[in-house]
2 protein chains.
Amino acid sequence: MAQLPTVDDVAQRAGVSRQTVSNVLNSPEIVREATRLRVQAAIAELGYRPHASARRLRTQQSSTIGVRLNPVLNGISGSILDLYLHALGERADERGMRIMLFTAHDIDDEIRHYQELRDGADVDAIVVTATFYDDPRIEWLAAHRMPFVAFGRPWGRADLDDPDRLWVDVDGRAGTRKATEHLVKRGLRRIGFLGWPLGSGTGDDRRAGWQDAMVAAFGSGEAELAELSMETDEGVRPGRVVIEELIARCDAAAHPLDALVCASDSLALGAMMAVREAGLPHFPIFGFDNTPTAQAVGLSSVDQRLGEVAAGTFELLMGATGRRVLPHGSGSDDDPRHRLITPQLVVRRSSHLELVEEAGGTVPGNHDRKE
Amino acid sequence: MAQLPTVDDVAQRAGVSRQTVSNVLNSPEIVREATRLRVQAAIAELGYRPHASARRLRTQQSSTIGVRLNPVLNGISGSILDLYLHALGERADERGMRIMLFTAHDIDDEIRHYQELRDGADVDAIVVTATFYDDPRIEWLAAHRMPFVAFGRPWGRADLDDPDRLWVDVDGRAGTRKATEHLVKRGLRRIGFLGWPLGSGTGDDRRAGWQDAMVAAFGSGEAELAELSMETDEGVRPGRVVIEELIARCDAAAHPLDALVCASDSLALGAMMAVREAGLPHFPIFGFDNTPTAQAVGLSSVDQRLGEVAAGTFELLMGATGRRVLPHGSGSDDDPRHRLITPQLVVRRSSHLELVEEAGGTVPGNHDRKE
DNA sequence: GCCGAAAGTTTGAACGATCAAATCTTCGGT
DNA sequence: ACCGAAGATTTGATCGTTCAAACTTTCGGC
């Protein structure tokens with residue numbers, strides 16, 4: 001058999017017509033059982049598989065979603081998008097969807113790709129990541145009625161509930177609150193926060209969670225909160241530098257720092273190095289993102305549960321169990337247009353460089369504890 | 001304009017026929033200049049873009065390659081496949097190609113996906129990663145005459161030069177040799193190697209590079225090589241445990257260890273922790289893979305140059321400058337069927353936890369040095 | 001036993017492009 | 001001015017599938 005079998009081959013074999021074969025595949029319930037079984041047998045015998053491009057041409061659907069593969073910016077945390085991608089891939093498989101990747105050098109380039117993918121009927125929907133205030137990509141997608149989901153809230157926009165703006169995101173505030181509460185429960189009092197400069201939606205959100213917990217537990221006032229927190233740029237080095245200042249400041253105030261919650265694993269790693277240098281081997285630290293690095297060095301962190309995020313992405317695009325992408329702007333009113341995932345603590349034994357105290361097993365299992 | 005424009009719309013606008021429009025797009029040289037300009041103007045005015053699925057149906061080509069997105073196994077080093085994917089994406093864009101991702105739970109599942117992608121004409125070729133001895137995926141692809149490139153040599157096979165087996169890989173041996181030579185040049189004598197258990201092609205290859213350099217520089221014999229090297233499973237913890245033994249062993253022999261070359265960044269990170277515990281703050285260590293983690297903690301490493309690997313992948317699939325995938329088994333005899341990329345050292349100042357000695361700049365630039 | 005509706009199946013057309021062959025133009029040579 | 005070949009353009013068919021409408025069969029009710 002030189003050629004791949006087509007519907008006609010199957011039809012001939014089963015003694016029915018093209019369309020009946022097509023029906024067996026797409027709406028089996030309207031075909032009489034006897035015929036259906038005969039056709040299915042023929043399909044199996046010939047090893048027939050529908051030709052995806054032909055189907056797409058006819059249905060104008062690709063069963064494919066497009067995702068931009070962002071350039072690796074920040075060493076450590078860049079990988080969370082990769083983890084999301086992995087999770088998306090698995091969920092896509094369950095729904096019979098595919099993922100098409102593309103790279104772009106800037107936003108305009110990305111929009112150019114959207115257009116190509118749309119016009120070529122290559123994708124049914126787009127997943128937009130790393131969204132920002134007044135994102136032109138969102139405007140473009142909405143204007144062209146292209147189905148999409150954003151990973152990341154439309155920070156600062158009034159239209160959080162705009163039915164045209166589907167989004168999934170991680171509730172960072174709940175995450176840092178959980179981390180802080182965990183430290184409070186362990187009897188710690190002076191819990192600091194190391195975050196990013198004010199103004200980034202995500203960063204402010206994570207700081208708010210720490211603040212919530214501190215106010216609830218100790219009724220901390222503005223002054224104390226300011227004394228216990230610092231802001232700096234993302235990265236290991238900035239984290240290390242700034243945390244020294246914070247420790248010094250608290251020591252000077254005669255209320256030494258007890259523990260630390262950070263806005264990212266990078267910052268936390270820097271802080272971890274600084275506290276070790278400062279001779280505080282058991283200083284508890286929480287990172288955020290639960291990156292492979294955190295796992296490797298035994299840093300406690302907040303896991304974003306990207307599997308849930310990916311599942312939410314498809315729910316928004318295709319409904320709870322649907323097998324095709326819903327048109328842009330549809331969706332029932334009782335179904336919210338977004339998903340906010342609550343992250344999970346991953347507590348690694350001493351909340352910092354744990355390995356030092358461990359017994360020397362050769363192939364240790366996973367000691368992470370989730371809560 | 002409700003519908004997207006088609007070739008017919010453009011043809012009508014330009015006062016020519018369908019086929020002429022098609023020719024302008026696919027073989028412009030056979031169209032008279034005047035006509036070509038008229039058609040191009042019409043294309044621009046209407047914003048026409050060819051419908052990818054229709055083209056695929058007719059040409060039986062998808063301009064898409066399939067890549068399996070492997071599950072994140074080992075925390076740190078898993079990301080090198082992601083980096084490769086990024087690089088592939090950029091090269092694909094240059095060639096007008098797309099990348100389709102898929103996930104699979106095991107090898108059989110992966111082959112099932114191959115079949116689907118092939119039968120649906122979804123992809124023109126497959127990129128296979130993490131290949132191993134007598135890989136059934138390779139057999140399947142070759143048997144079904146599906147074009148493919150493997151990232152990773154067919155270790156242990158006699159058919160390294162089988163024209164049916166296209167592969168790209170990184171010359172790990174050259175990488176560890178370079179790293180070792182670098183340490184030799186810095187005046188170090190007792191340079192150890194921390195690798196994986198014998199029998200893994202990649203691991204043995206990396207060990208061989210270290211051995212090459214040690215023999216060339218010092219004429220090291222079997223005994224010394226054995227004394228200076230250890231094997232263990234991949235991971236931070238195993239690395240840390242084993243390196244303590246190695247240090248102790250060398251101290252006992254009255255020839256303390258001076259430096260270390262490792263088969264992975266994970267092992268190197270473990271080693272880094274161990275030597276710091278042992279009170280050796282300036283002990284030079286080289287990792288392998290140049291992962292984000294290595295970058296973050298200032299670990300010297302060997303960069304695989306995945307951009308080059310990705311470029312090689314497309315050269316093998318499509319020729320030096322081609323825009324379409326070559327059929328399986330084609331390719332001229334003078335063009336080798338593989339690419340072996342020489343990696344690059346990334347020397348971070350002291351070849352280990354550098355941050356400690358640095359001045360406290362707030363937003364430091366990239367201090368990595370490549371050689 | 002006939003009628004009509006419902007269920008099941010088939011037929012022709014279409015999706016939007018390219019291939020192969022047919023037709024029309026151009027143009028140099030005699 | 002005519003011929004033939006090369007160059008440029010058009011026409012009909014086709015890729016494999018699904019849609020829409022036409023057609024055939026089944027079956028309950030009177």
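Every chain is numbered from 1 and lettered A, B, ... according to where its sequence line falls, protein lines coming before strand lines. Quick note: numbers below take in every heavy atom, side chains included, and nothing from hydrogens, waters or symmetry partners. Note that this is a predicted model, so its numbers are computed, not measured.
Atom CG of A:Asp8 and atom P of D:dT14 are 13 Å apart (whole Å). In this structure, CD of B:Gln60 is placed 12 Å from C1' of C:dA17, rounded to the nearest angstrom. Between the CZ atom of A:Arg49 and the P atom of D:dC15 there is a distance of 22 Å, rounded to whole Å. To the nearest angstrom, P of D:dT17 lies 13 Å from CG of B:Asp122. Protein atom CG of B:Leu25 is 7 Å distant from nucleotide atom P of C:dT18, rounded to whole Å. Look at CD1 on B:Ile30: it is 12 Å from P on C:dA20, rounded to the nearest Å. Atom P of nucleotide D:dT14 and atom CZ of A:Arg18 are separated by 14 Å, given to the nearest angstrom. In this structure, B:Leu37 places its CG atom 16 Å from C1' of D:dT9, rounding to the nearest Å.
For the pair A:Glu33 and A:Arg38, the salt-bridge criterion is not met [side-chain N within less than 4.0 Å of a carboxylate O]. Contact check on A:Arg95 versus A:Glu90 returns no salt bridge, with no Lys/Arg side-chain nitrogen under 4.0 Å from an Asp/Glu carboxylate oxygen.
Side chain of B:Ser53 to backbone of A:Arg56: no donor-acceptor contact under 3.5 angstrom is found.
Residue contacts shown for B:Arg36 are absent, as no nucleic acid heavy atom lies under 4.0 Å away. Within 4.0 Å (heavy atoms only), A:Asn26 reaches sugar-phosphate atoms of the nucleic acid but no base atom. No engagement by B:Ser53 is indicated, since no non-hydrogen atom pair under 4.0 Å with the nucleic acid exists. A:Thr20 comes within 4.0 angstrom of a nucleotide base, judged by non-hydrogen atoms across all strands.
With D:dT10, C:dA17, C:dT10 as the choices, the nucleotide that has an atom nearest any side-chain atom of A:Gln19 turns out to be C:dT10. The side chain of A:Leu57 approaches D:dG16 more closely than any other nucleotide in the set D:dT10, D:dA20, D:dG16. Which of D:dA13, C:dC15, D:dT26 sits closest to the side chain of A:Arg32 comes down to D:dT26. With C:dT9, D:dT18, D:dT10 as the candidates, the nucleotide lying closest to the side chain of A:Thr35 is C:dT9. Side-chain proximity of A:Val7 to D:dT17, C:dA20, D:dT18: nearest is D:dT17. Residue B:Ala54 has its side chain nearest to C:dA17 when only D:dC19, C:dC15, C:dA17 are considered.
To the nearest 0.5 Å, atom CD1 of residue A:Ile126 and atom CG of residue A:Leu117 are 5.5 Å apart. Taking CZ from B:Arg91 and CD1 from B:Ile65, the interatomic distance works out to 12.5 Å, rounded to the nearest 0.5 Å.
Within the 4.0 Å cut-off from OP1 or OP2 of C:dT10, at least one side-chain nitrogen or oxygen of A:Ser17 is found. Between D:dT18 and A:Ser22, a contact under 4.0 Å exists linking OP1 or OP2 to a side-chain N or O.
Residue B:Glu29 is the one, among B:Glu29 and A:Arg55, whose nearest nucleotide of DNA chain D lies closer to the 5' end (criterion: closest heavy atom).
With a 4.5 Å cut-off on side-chain heavy atoms, B:Phe151 and B:Trp167 do not count as touching.
One cannot find a donor-acceptor pair under 3.5 Å joining the base of D:dT17 and the side-chain atoms of A:Arg58.
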